[in-house]
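All remarks here apply to the structure that follows.
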Amino acid sequence: MDEPKKRLMEKVGLDEEKSQDAIEVVLDFIKEQLPENLRGMVDGFVSGDDDNPLNAVKGFFGGD
């Protein structure tokens, strides 16, 4: 999740710590909106878990 952090730092002018905090707030919000059985997929996507199906679309969002 370095790319979103980098973008927040560049475009909004947040420091690294505030950027990380903002990302965590957004991810927590997204997870709260999902059914409980899908919340782990978000964590796996963020951590780069290779077995996570969400990583198949990571390239669309600037991921590796």
Side-chain angles (χ1 to χ4, degrees):
M1 288 279 116
D2 288 335
E3 185 63 26
K5 187 188 312 183
K6 180 180 173 186
R7 288 184 186 193
L8 283 169
M9 291 170 69
E10 290 174 358
K11 293 185 179 197
V12 183
L14 296 177
D15 63 30
E16 186 171 0
E17 183 178 346
K18 293 289 186 191
S19 296
Q20 184 63 41
D21 290 345
I23 291 168
E24 289 176 17
V25 167
V26 171
L27 288 174
D28 286 345
F29 175 78
I30 290 169
K31 289 191 287 186
E32 289 171 3
Q33 305 308 307
L34 292 173
E36 192 170 332
N37 61 330
L38 297 178
R39 293 176 186 169
M41 291 178 73
V42 174
D43 291 329
F45 177 74
V46 172
S47 71
D49 180 6
D50 290 335
D51 294 332
N52 189 318
L54 287 177
N55 283 325
V57 297
K58 203 173 198 179
F60 293 116
F61 300 102
D64 296 56

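From a predicted model like this one, the values you see are computed outputs, not experimental measurements.
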What residues, two or more places apart in sequence or in another chain, satisfy side chain to side chain contact (heavy atoms under 4.5 Å, CB included) together with [X]?
X     : answer
Leu34 : Ile30, Leu38, Arg39, Val42
Val12 : Leu8, Leu14
Glu17 : Asp15, Asp21

Give, for atom CG of Asp2 and atom CZ of Arg7, the distance between the pair rounded to the nearest 0.5 Å. 12.5 Å

Would you give the length of the straight line joining atom OG of Ser19 to atom NZ of Lys11, rounded to the nearest 0.5 angstrom? 13.0 Å

Salt bridge (charged side-chain N to carboxylate O under 4.0 Å, His left out) partners of Glu24, counting only residues at least two apart: none

I want to check something: taking the side chain as every heavy atom from C-beta on, are Met9 and Lys6 in contact at a cut-off of under 4.5 Å? no

Inspect the surroundings of CD in Glu36 and state if more than 12 heavy atoms from other residues, nucleotides or ligands are less than 6.0 Å away. no

Taking side-chain hydrogen bond (donor to acceptor under 3.5 Å, both in side chains) as the test, write out the residues that go with Lys31, two or more places apart. Asp43

